[in-house]
Amino acid sequence: MEALQREIADAAVFEDEFRFDPEPLTNPLAASAAAATAETDVSADSATSQPTVVGVDQSFLTNDAGDQDRALSAVVAMRGGEVVERVHAVTDLETPYIPGLLSFREGGAILAALESLAVEPDLILFDGSGRIHFRQAGIATHIGVVRDVPSIGVAKSLLCGRLQGETDNLSAGTRVAIEADDSVDAPEGTVLGYAVQTRQYDSPNRYINPLYVSPGHRVGPETAADLVLGLGGTYKLPEPVRLADQYATEAKHEFLD
DNA sequence: GCGACAG
DNA sequence: ATCTTGTCGC
């Protein structure tokens, strides 16, 4: 498995190499301008239209014995701020959770769900790391390379790497670089991603933890951070991922029949 | 042996 | 990931 991850990492592109225009997603003004255009100009073609951004998240189902035996992957596709499609898939679990090998546990369900998706993703956001991984092949990188689709890893906690500064009480919109340390299969100092503060309390006493954003495939670290900030809504997680998260728990309960 | 560890 | 009430603060 580790050998496969090294191959995945070798095939991965940790720099911008996507076709869509990131402006409408990164710049609020461009976004509203594009939205206005979309409403009034029915002839907007694919070159002008918003990219399809997909959020992916998993939940788990338990058997009669109470053990987690199946993974449910929820996929939510959005365009211009609107949900255009939602699909989910359930597959049997074969691997236990082992830090660094998450893609082998959840990858099957994710790929199954993505295959049933009708729209073509321009960008996929995953709940988990991308390049911030011992062998630079977190789940976002793994799936991104397998599907050869631009992808970004959005994790709620740090797997490895060294923060280049304090992340306590960062202001919303700011970031702190995360560099490779000796636990990572990359030259020391390589920028693996960023701790990104998408939301923050207006005033003191308590603070919100940042998200750990890293390139999955065909997206550079700075752009990955920019996109996560641009795709943010009212919550801490970028909207596509938050909705996938919500759908994962929702579909899980519907499964009780 | 010790420490660290996405979801 | 998952199990869950109350509770602190704006």
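Throughout, protein chains are lettered first and strands after them, A, B, ... in sequence-line order, and every chain is numbered starting at 1.
- Salt-bridge check for A/K156 with A/D127: failed, with every basic side-chain N at 4.0 Å or more from each acidic carboxylate O.
- Computed from coordinates, the A/L101 CG to B/dA6 C1' distance equals 11 Å when rounded to whole Å.
- As a whole-Å value, the separation of A/D69 CG from C/dT2 P is 14 Å.
- Residue contacts shown for A/S157 are limited to sugar-phosphate atoms, with no base heavy atom under 4.0 Å away.
- For the pair A/R70 CZ and C/dT2 C1', the computed distance is 15 Å after rounding to whole Å.
- Within the structure, every side-chain polar atom (N or O) of A/K156 is placed at least 4.0 Å from both OP1 and OP2 of B/dA6.
- Using a 4.0 Å heavy-atom distance criterion, A/S183 is classed as making no nucleic acid contact.
- Counting heavy atoms from C-beta outward, A/L123 and A/V219 have side chains that approach closer than 4.5 Å.
- At a threshold of 4.0 angstrom between heavy atoms, the contacts of A/I110 with the nucleic acid are absent.
- The aromatic ring of A/Y212 is not stacked on the base of B/dA6, since the criterion of ring centres less than 5.5 Å apart with planes inclined by under 30° is not met.
- With B/dA6, C/dC8, C/dC3 as the choices, the nucleotide that has an atom nearest any side-chain atom of A/K252 turns out to be C/dC3.
- The distance from atom OH of A/Y207 to atom C1' of C/dC8 is 17 Å, rounded to the nearest whole Å.
- Closest contact between the side chain of A/I139 and the listed nucleotides B/dG7, B/dA6, C/dT2 involves B/dA6.
- Not one side-chain nitrogen or oxygen of A/Y201 sits closer than 4.0 Å to the OP1 or OP2 atom of C/dG9.
- Atom CD1 in A/I208 sits roughly 14 Å away from atom C1' in C/dC8 (whole-Å rounding).
- Protein atom CG of A/D127 is 7 Å distant from nucleotide atom P of C/dA1, rounded to whole Å.
- Counting any heavy atom pair closer than 4.0 Å across all strands shown, A/F60 reaches sugar-phosphate atoms only and no base atom.
- Nucleic acid contact class of A/G100 (heavy atoms, under 4.0 Å, all strands): base.
- Rounded to a whole Å, the CZ atom of A/F104 is 21 Å from the P atom of C/dA1.
- The pair A/R162-A/E188 meets the salt-bridge criterion, since a charged nitrogen lies less than 4.0 angstrom from a carboxylate oxygen.
- Put simply, OG1 on A/T167 and OH on A/Y207 are 7.0 Å apart, with the number rounded to the nearest 0.5 Å.
- Between the P atom of B/dC5 and the CG atom of A/D182 lies a distance of 14 Å, rounded to the nearest Å.
- Here the nucleotide nearest the side chain of A/R206, chosen from C/dC8, B/dG7, B/dA6, is C/dC8.
- Between A/V228 and the options A/T198, A/V241, A/L237, A/T223, a side-chain contact (heavy atoms from CB on, under 4.5 Å) holds for only A/T198.
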